[in-house]
Amino acid sequence: MLLIESYLTFIHNHLIVCLAVFVTVIPLFLILYRKANVDPSFNLLLIYLVTKLIIDLIMFHYATQRTNNLIYYNLSIPVRYALLSGMFYFKIESGSYKKGIIYSIIGFSVFTIWDVFYSNPDIKDLHNHSMVAYATTVECLLMLFWILVYFYEVIRMLKIPNILTFPFFWVCSGLLLYYSSFIFIAPILHYTEKWENPLYIGFLNLVPYIFETLCLIFFSIGVWIFSTRYYAKQ
Amino acid sequence: MQNSDGLTWAILIATLAMLMMAFFVILFVMFYQKRQLHQEKKLHEIEKDYQRLLLDTALNSEETERRRIAQDLHDDIGTMLSLTKLSLNQLSKLVTESGIKEDQIMRKSQALVEETILHVRRITRDLVPTTLERFGLSAAIEEFINKLENSKNLKISFISNTEEAPRQSQKTELTIYRITQELVNNSIKHSQCSKIEINLHINSKIIELQVTDNGIGFDPDALRNNNLTGLGLLGIESRLAIVDGTINYEKPKMGGSKAFAIVPVVPATDSKPEPLHPFRRQRATI
Ligand SMILES: Nc1ncnc2c1ncn2[C@@H]1O[C@H](COP(=O)(O)OP(=O)(O)O)[C@@H](O)[C@H]1O
Ligand SMILES: [Mg+2]
């Protein structure tokens, strides 16, 4: 009873943050409903949404208990990058970029682990665990790069008759908006998300959550216009 | 606790700028893609039109050339042959008195000239489908069949409703006629059939032509894939492309082959080709 009450108070106080968690269900459900996971990219998106939901719910739980949950966030960064850039692996056609994606996933995972240790000199102290310093920024840059590469290929190859009815365009646009909004906020999260002596940036803190929700809505649109028949034709 | 209004503002502005850029990238991709596709489509159409024009010209000049050859054959060689026949007739009167042997040679020459005249006439008629121009499709096809049906072991049947339908444009009629000719010729040449059935059906929108034989049959896809299509089948396709028609080949279960061509009806225009022989002379005397 107490638990539910604390959940409800947290939702009440952090409505926008919680929205970004719960809206995840919409594209998740739509992918299964539309059977969009026959496409390997959307399959990865499905896996991403599932892991995001699980991690978000865990973080949500710890947040209501006023326990430091940043370790989960730090762990989710390489997973998130691997799954999202993996989607581009199946969509980008040029072989060298494909190889680049694979290497970047490996390199980025190593980098994130290094960053976790770098930002937390005392790794055992979970209570004062803090956010990675550089990994999120690097993730933003890499993802923006792949998105632009994909758009460039779309323009060059002229294979898509109507881009507004092309599912992955929506997914890509959502990601582009999300990472664009995040790229300047990511470097300072390390200083704001701190247990002691945090930096206050006011409502800016909410911007990533707002755009995360927007991005999830874009995913939903993309999945909604996905049709198996169209995929088979490609 | 730290406070940093300046930093917040800077980040806010940077984020807004970044978002605006993202927004413009998305818009750019959308519009550029659309414009590019539109242009490509236009280019494609122009190319297609041009191809069609080329084909049309080629086929037109082929028909014109045939017409010219037929005209020359008829006017020059035909006239000469007629004169030769006349002279021979006169000569034969003189020769009959001189002996049996000479008389025999004389008769033989006369028969040869006679036959040559017939041949020339046949060739000119084959070159230019005069019957088609004057009496229409079914008359022309019937004439064509009659010429072929000499052999006993080939039966050609022709069913049509063109008598009720109005005449088609000259180009369409010629297309249908030439296609029928080629399909029937193919059946005779390649399929070892004993029966050919031609069905011609015209309504207000389309013309349907069906040529069925009971021979060995063939697989058009295999032909196309192996580059075995002869000039005949290709010619059919290019003729049809000009009048927006289509052709399909089927393999009926009973064996043999079946060709099914569809051509849309276009309202006939009055621009008849220059008619052969009799009309030309009339015009010349005016
Ligand atoms: N009615 C038919 N029955 C059997 N085979 C046919 C028939 N029509 C066409 N074919 C096959 O298709 C080939 C291509 O025909 P065509 O393009 O008219 O060229 P051509 O008559 O000059 O050989 C022929 O060589 C023949 O093998
Ligand atoms: Mg042939």
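By convention in this document, chain letters (A, B, ...) are assigned in the order of the sequence lines, proteins followed by strands, and residues within each chain are numbered from 1.
In this structure, no portion of A:Tyr179 lies under 4.5 Å from any heavy atom of chain B. Residue contact with chain A, scored on non-hydrogen atoms closer than 4.5 Å, involves the backbone and the side chain of B:Val29 alike. For A:Leu177, the parts lying under 4.5 angstrom from a heavy atom of chain B are both the backbone and the side chain. Contacts between A:Tyr152 and chain B at a heavy-atom distance below 4.5 Å are absent for every atom of the residue.
In this view, B:Glu65 and B:Arg68 satisfy the salt bridge (charged side-chain N to carboxylate O under 4.0 Å, His left out) rule, not counting sequence neighbours.
Rounding to the nearest 0.5 angstrom, the gap separating the OG atom in A:Ser181 from the CE atom in B:Met18 is 9.5 Å. The line from CZ of A:Phe184 to CD1 of B:Ile11 is 9.5 Å long, rounded to the nearest 0.5 Å. To the nearest 0.5 Å, atoms OH (A:Tyr178) and CG (B:Leu19) are separated by 12.0 Å. Rounding to the nearest 0.5 Å places CD1 of A:Ile188 at 7.0 Å from OG1 of B:Thr8.
Between B:Val25 and A:Phe151, the closest heavy-atom pair is CG1-CD1, 3.7 Å.
The neighbour count for B:Tyr32 OH, taken as heavy atoms of other residues, nucleotides or ligands under 6.0 Å away, does not exceed 12. Residue A:Lys99 places its NZ atom among 12 or fewer non-hydrogen atoms of other residues, nucleotides or ligands, all under 6.0 Å distant. Heavy atoms from other residues, nucleotides or ligands lying under 6.0 Å from CE of B:Met254 number 12 at most. Counted within 6.0 Å of OH on B:Tyr249, heavy atoms from surrounding residues, nucleotides or ligands total more than 12; the atom is thus considered enclosed. Within 6.0 Å of CZ in B:Phe218 there are more than 12 heavy atoms belonging to other residues, nucleotides or ligands.
Side-chain contact between B:Phe28 and A:Ile155 is present, with at least one heavy-atom pair separated by less than 4.5 Å. Counting only heavy atoms from C-beta outward, the side chains of A:Val154 and B:Gln33 approach each other to under 4.5 Å. The shortest distance between side-chain heavy atoms of A:Phe169 and B:Met30 falls below 4.5 Å.
Evaluated for a side-chain contact (heavy atoms from CB on, under 4.5 Å) with B:Ile26, the options A:Ile163, A:Leu176, A:Ile147 yield exactly one hit, A:Leu176.
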